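Could you have a look at this structure, given as C-alpha cells, before my questions?
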Amino acid sequence: MSDSDLPLLGAARSDPGRTALVVGEEEYSYGELLAASERVARFLLRGRTDLEEARVVLLVPPGIAYVAAQWGIWRAGGVVIPLALAHPFPELVSLIIDADPEVVLLHSGTEEKGMAAAQACGVPWARAEDALRGPWSALDRVPDPETNGYHLHISAPAPPLPAVDESRRAHIIYTSGTTGRPKGVVTTHANTRHQVESIAKAWEIRPGDTVLNALPLHHVHGIVNALLCPLWYGARVEILPRFDPDEVWKRFELLRPTIFMGVPTMYVRLIRAWEEASPERRRELSDRAQWLHLTISGSAALPGHVHKRWAEVARHAILERYGLTETGMVLTNPLYGRRAEGFVGRPFPGVKVRLRGDGGHEALPGEEGSIEVRGPGVFSEYWRRPEETAAAFDKHGWFRTGDRAVLHPEHGYRILGRESVDIIKTGGEKVSALEIEDVLRRHPCIEDCAVVGIPDDEWGEQVSAALVCTPEGAVPAPELRAWVKRYLAGYKAPARIMVLEALPRNSMGKVLKTELRDLFLRAP
Ligand code: MLC
Ligand code: AMP
C-alpha cells in the first residue's frame, strides 16, 4: 500500500474542495488538510524515505494542527502517540519514556510542559505549527543537541512519500490497567480501518454528516469514532478545543451538526444547562437539537435518568454503545428501532462477542458472564508488554474485556460492571486505583490507603480514597488533591476522602474494597 492508497485519504482525494474541519471561525477543506499533512510528513522525514514505524508523540490540542500532524505522521510511515494535555510533568515523562518516541510534537499552548518533559527524557521536540507552515519541498529539521530542539535545514527535492502497509502500527493509545501504570494499546492501520468501517456501517455515516467533536483527542472515542470515521467518509467535523455545555448548545444551532458523540457526564451537563434556562429558552434549545439525527453516548454506563431526560430535552432517544481502547466499538443499540434504556445492544458489524460464564463455558442467554471480543479491529499488542498482551487473550484469540454482562433476547447486552474493583471510570476516563494508591503512599502523612470508585450522578464514579494517617495527622482534602495533581492528571485526584483507624482487610491481609465502598456509601 502506498501513501496514496491509505484508505483514510480516499474521500479527501476524491473531493478536496469539501470542508473537512471547522475550528472556531475557520474552515479547512480536505485539500488543505492533505497539503498540511504532507508538509508535516516531509518535516518529519527530514530527507528519509520512510519513518518505518518511528513513534511520534502528539501533545497538540484539538484543532487543525492535531489532525494535520496525525495524518502527516501516518503518511511518513510513523506511529501516532497522542498524549493528554492534562498530564502533569511526572506523568508525561513516564509516558514518553515508555513510548520511546523519535520526537515529541508540541503546540504553543503545551510547549513549556511538553518541552521540559521531552528534554527530561532526552527526546527531541518540534513545534507542530512549524511543521505545518514550512515550504514542504524545502523544509527539513535536524536535532540540535544543545537545546534538544530541531534546527531548520534545507534539504534536497522531496522524494515520494512511503508506501505504508496496512499491517503496520498506526497508533499507540495509553489506557489504565489493573496493573497500575498505563499501558500503550497498539493498533495497526488495518485495525483502525476495520473499526472505522464497522462504525460507519452501523450508524450510516455519510458525506453529508457533520459531527460535533468536543471529546479529548487522546482516546478512541474522540479519535476513531468522532474524528477518523467522519473524515474517512468525507463528512465534516467541527472540533471544539474543550467540552463546554453552553458552547455545545450554541454550536447545535450555528453549525447544525447531524451527529454528537459524548460521554455520559457530558449529557448530564448539557441537560443541566438546559434545565437552568428559562422555559422559552428551553424550547429554543430543544429546537436547536432538531438537526441532530444521532446523539451517541459511550465510554461509561449511561444512567437511566439521563437516557429519559435527554429524550425529553432533545426530542429523540440517545444511542448508547459500548467499546474499549483495545477493541474499538463492540456493541451498539440500533440506528433504527428501539434503544432500550440500560442496554448497549448487539455487536457492531464484523465484531464477534461472547460471554464466558463463571465455569469457563459460554454463558446461556440470561446468564451472567465476562465479555470477550474477537475481530479484525481488535488491537495487536500492549506496547513492549508481551506478557500482558498474552494474558489479555485466550488461546483462540478472544480478548478478555474484564467487563460483565448479560444477554437479553430482545434488547441485546446489558453491562453489569467490571470484574476488577481496581478500575474506576470517572467522566469516561479510566483510572487505576493502584496507580493512585502508589502516589498517595508517598505522602509523608499517609501510612496506608485504598482507592475505590463510588457511584456518582455526574461523574459515573468518583475516585474515593480511604486513608490511615501517620501520628503527624491528617491532610486537609484540598491540600491532598493539590498534592496528587502534582503527579497525576486532575481526574485521578480523589474527590472523596475518608480517614480511618485501619483499612478493612481479610485474614490474608487483602483490603476488602467492597466493604470500603459500603463505608463510603453509608458516610454522610
Ligand atoms: C475533570 N475533573 C474530573 C474529571 N475531569 N473529576 C473526575 N473525573 C473526571 N473525568 C475534575 C477537575 O480536576 C476539576 O477539579 C473538576 O473536576 C472540574 O473540572 P472541569 O474542568 O469542569 O471538567 P472538564 O474539563 O469539563 O472535564 C469533564 C469532561 C472530561 C467530562 C468533559 O472528563 C472528558 O472530556 N471526559 C471524556 C473522557 C473520554 O473521552 N473518555 C473516552 C475513553 S475511550 P478541580 O478540583 O481541579 O477544580 C473509552 C472507550 C469507549 O472509554 O467506549 O469510548
Ligand atoms: P477505556 O479503557 O478507557 O477504553 O475504557 C473501556 C471501558 O469503558 C470498558 O471496559 C467499560 O468498562 C467502559 N464502557 C465503555 N462503554 C460503556 C458503556 N456503554 N456502558 C458501560 N461501560 C462502558
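Fair warning: this is a prediction, and the values are worked out from it, not measured in the lab. Just so you know, these numbers use all the heavy atoms, side chains as well, and skip hydrogens, waters and symmetry mates. Order of appearance sets the numbers: ligands from 1, and atoms from 1 within every ligand.
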Query raised in the report: Does the protein put a heavy atom less than 4.0 Å from atom 2 (N) of ligand 1?
Result: yes
Query raised in the report: Looking only at side chains, do His171 and Thr192 share a donor and an acceptor under 3.5 Å apart?
Result: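 There is no such pair between these side chains.
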Report task. Side-chain contact test, heavy atoms from C-beta onward, threshold under 4.5 Å: evaluate it for Met261 versus Leu215 and give yes or no. Result -> yes
Requested in this report: Indicate yes or no: does an N/O atom of Gly323 lie under 3.5 Å from an N/O atom of ligand 1?
Outcome: yes
Query raised in the report: Quick one: ring pair (Phe, Tyr, Trp, His ring centres under 6.0 Å) partners of Tyr174, sequence neighbours excluded?
Result: none
**Report entry** For Met266, the ligand 1 atoms whose distance to one of its heavy atoms is below 4.0 Å
**Finding:** 32 (C), 35 (O)
Query raised in the report: For residues Glu238 and Thr210, is any side-chain donor paired with an opposing acceptor at under 3.5 Å?
Result: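 Side-chain D/A pair, Glu238 to Thr210: absent.
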Query raised in the report: Backbone or side chain, does any N or O of Leu215 fall under 3.5 Å from an N or O of ligand 1?
Result: no
Query - Within 45° cone of Trp398 ring axis and under 6.0 Å: Arg354 NZ or CZ - result: yes
Query raised in the report: So, Ser297 versus Trp310: side-chain donor-acceptor pair below 3.5 Å or not?
Result: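 Trp310 and Ser297 do not have a side-chain donor-acceptor pair below 3.5 Å.
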Query raised in the report: With no hydrogens and no angle check, do the side chains of Tyr336 and Glu204 hold a donor and an acceptor under 3.5 Å apart?
Result: yes
Query - Atom indices of ligand 1 within 4.0 angstrom of Thr426 heavy atoms, with elements - result: 7 (C), 8 (N), 9 (C), 10 (N)
Query raised in the report: Is Arg481 in polar range of ligand 1, meaning some N or O pair under 3.5 Å apart?
Result: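 Checking ligand 1 against Arg481, an N or O pair does fall under 3.5 Å apart.
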**Report entry** Amino acids in close contact with ligand 2, where any non-hydrogen atom sits under 4.0 angstrom away
**Finding:**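 The 4.0 Å shell around ligand 2 contains Thr175, Ser299, Ala300, Ala301, Glu320, Arg321, Tyr322, Gly323, Leu324, Thr325, Val344, Asp403, Ile415, Arg418, Lys425, Lys430.
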**Report entry** ring pair (Phe, Tyr, Trp, His ring centres under 6.0 Å) partners for His87, two or more places apart
**Finding:**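 For His87 there are no ring pair (Phe, Tyr, Trp, His ring centres under 6.0 Å) partners, ignoring immediate neighbours.
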Requested in this report: Find out whether the Lys NZ or Arg CZ of Arg414 is both under 6.0 angstrom from the six-membered ring centre of Phe343 and within 45° of the ring's axis.
Outcome: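 Yes, Arg414 lies over the aromatic ring of Phe343.
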Report task. Examine the side chains of His305 and Glu341 and answer whether a donor and an acceptor come within less than 3.5 Å of each other. Result ->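 Absent: no donor and acceptor within the cut-off.
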Requested in this report: Return yes if a side-chain donor-acceptor contact under 3.5 Å exists between Arg404 and Ser370, otherwise no.
Outcome: yes
Report task. Using distance alone, decide if ligand 1 has a nitrogen or oxygen within less than 3.5 Å of any nitrogen or oxygen in Lys485. Result ->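 N/O-N/O distance below 3.5 Å exists for this pair.
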Report task. Can you confirm whether something in the protein, heavy atoms only, sits under 4.0 Å from atom 17 (O) of ligand 1? Result ->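 Neighbour list for atom 17 (O) of ligand 1 includes protein heavy atoms (cut-off 4.0 Å).
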Requested in this report: Using a strict cut-off of 4.0 Å, indicate which atoms of ligand 1 neighbour a heavy atom of Arg321.
Outcome: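 Near Arg321, meaning under 4.0 Å from one of its heavy atoms, ligand 1 has 51 (C), 53 (O), 54 (O).
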**Report entry** Arg181 atom CZ, over 12 foreign heavy atoms within 6.0 Å
**Finding:** no
Query raised in the report: Given His219, Met329, Lys425, His221, which has its nearest heavy atom closest to atom 52 (O) of ligand 1?
Result: Lys425
**Report entry** Selected option - heavy-atom contact closest to atom 37 (C) of ligand 1, from Gly490, Gly328, Gly427
**Finding:** Gly427
Requested in this report: Output yes when a protein non-hydrogen atom is found under 4.0 Å of atom 9 (C) of ligand 1, and no otherwise.
Outcome: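 Yes; the ligand atom in question has protein heavy-atom contact below 4.0 Å.
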Query raised in the report: So which bit of Arg242 gets within less than 4.0 Å of ligand 1, heavy atoms only: side chain, backbone, both or neither?
Result: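 Just the side chain.
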Query raised in the report: Looking only at non-hydrogen atoms, which of Ala300, Ala495, Gly298, Ser299 approaches atom 49 (C) of ligand 1 most closely?
Result: Ser299
Query raised in the report: Based purely on interatomic distance, does Arg269 place a nitrogen or oxygen under 3.5 Å from a nitrogen or oxygen of ligand 1?
Result: yes
Requested in this report: Verify the contact flag for atom 29 (C) of ligand 1, where contact means a protein heavy atom under 4.0 Å away.
Outcome: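 Given the 4.0 Å cut-off, atom 29 (C) of ligand 1 does not count as touching protein heavy atoms.
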Report task. Identify, with sequence neighbours excluded, every residue that meets ring pair (Phe, Tyr, Trp, His ring centres under 6.0 Å) alongside Tyr66. Result ->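 Counting only residues at least two positions away or on another chain, Tyr66 forms no ring pair (Phe, Tyr, Trp, His ring centres under 6.0 Å).
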Query raised in the report: Can you find a side-chain donor-acceptor pair between His293 and Asp209 that sits under 3.5 Å?
Result: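 Side chains of His293 and Asp209: pair found under 3.5 Å.
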Requested in this report: For ligand 1, indicate whether the residue Pro216 contacts it via side chain, backbone, both or neither (heavy-atom separation under 4.0 Å).
Outcome: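 For Pro216, only side-chain atoms sit under 4.0 Å from ligand 1.
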Query raised in the report: Please state which protein non-hydrogen atom is closest to atom 41 (N) of ligand 1 and give its distance, to 0.1 Å?
Result: Gly428 O, 2.9 Å
Requested in this report: Consider only side-chain N and O atoms of Arg321 and His221, and report whether a donor and an acceptor are under 3.5 Å apart.
Outcome: yes
Query raised in the report: How does Lys430 reach ligand 1, by side chain, by backbone, by both or by neither, if only non-hydrogen atoms under 4.0 Å count?
Result: neither
